[in-house]
Amino acid sequence: MTFLIMTKQKKSSVLLIYTGGTIGMMQDVISGELRPFDFKSLTKQIPELNKFDIELSSIAFKKPIDSSNMHPKVWIDLANIIKNNYKKYDGFVILHGSDTMSFTASALSFMLENLNKPVILTGSQLPIGIIRTDGKENLITAIEIAGTLEKGKPAVNEVCIYFEYKLYRGNRTFKYNSSHFDAFKSPNYPALAEAGVEIKYNKAAVLKPTSKTLKIHTSLDNDIAVLKLFPGISKKITSAIINSSGIKAIILETFGAGNATTEPWFINELKKAINKGIIILNITQCLEGIVIQGKYETSSQLKKLGVISGADMTFESAVTKLMFLLGQNISTKEISKLLPKDLRGELTS
Ligand code: ASP
């Protein structure tokens, strides 16, 4: 990892962590493929960074990655970087590919308990070297938000995504567009801030600060499977997924308000899994709205079996919350109690 430090007495301080993604990619002259490049070239592209009244330091991954190669091991590295630098900086900006940015933001929200400073992920749809890049605005405003202090206190104290003029709670987002600059949505929770001529914060939506000290969780368990329902899903395939060896939890991607087929073989497979101690979490395939088990006959049986409602959690939050809770060395009963609870503002309880 490289450290670049720009000195001068400034109002606040921000640590920029560069993991990779399109923002720092270059086009290969021969193949035309986009590949990550050295971070030093990135800072050269944005001389405006030196004009901030914010002391900016940076850490770059030795091997920047396309975020499709993101892995829980990298989340642990990121959590440790934040922990080790927590006292030195007022805020953190993570430059990250947009493809899995919502997963990383969600994971970090669970891993960083009692966070009292901003951790803002951003990136871009076009590399920084391209004239029409969206990367410059995203990066500059993300740094400004991360370095904003109001009466000595950070304006936001949670893990966020800043993209295309909007600041979102990270664990409420998903990437919904691969070609527009406006790549993220947070349908079940309002934006925390909007950047126009001024940056306007939605104070009522931001998590309340805490007086507790930061606690980081670096044990994650990925023994999770996903079963996405569709009309006509076969017993053979469903059973193969549910009975895969080593599975501890299944995310059941259901229809509408959390509904599923009532065919006896399906209910029976779920019952067997629950009896074996496998946790089943009900997440809707709808991008907006909430799971209400028992609203329709087609979800009442799930409730009776002990399937857990994921309420309005995103798929990204569901995956990372399960990894976090399974890594806690607590009982299945305890995990089942915590899953439907609001731990980091990830669901409406
Ligand atoms: N494939 C890239 C990544 O996620 C896309 C991006 O940066 O937007 O790393």
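All ligand and atom numbering here is 1-based and tracks the order in the structure. Worth saying up front: this structure is predicted, and the values here are computed from it rather than measured. The first residue in the sequence is number 1, and the count goes up from there.
- Side-chain contact of Thr173 with Ser102: a donor-acceptor pair under 3.5 Å is present, judged by distance alone.
- One N or O on the side chain of Glu158 and one on the backbone of Leu207 form a donor-acceptor pair closer than 3.5 Å.
- Partners of Glu316 by salt bridge (Lys or Arg N to Asp or Glu O under 4.0 Å), not counting sequence neighbours: none found.
- Sorted by first and then second residue, the salt bridge (charged side-chain N to carboxylate O under 4.0 Å, His left out) pairs involving residues 97-111 (not counting sequence neighbours) are Asp99-Lys175.
- For residues 105-118, the set of pairs meeting the side chain to side chain donor-acceptor pair (under 3.5 Å) definition, not counting sequence neighbours, comprises Ser109-Asn171, Glu113-His217.
- Heavy-atom neighbours of Phe181 CZ from other residues, nucleotides or ligands within 6.0 Å: above the threshold of 12.
- Around ligand 1, the residues contributing at least one heavy atom under 4.0 Å from the ligand are Gly21, Thr22, Asp66, Ser67, Gly97, Ser98, Asp99, Ser124, Gln125.
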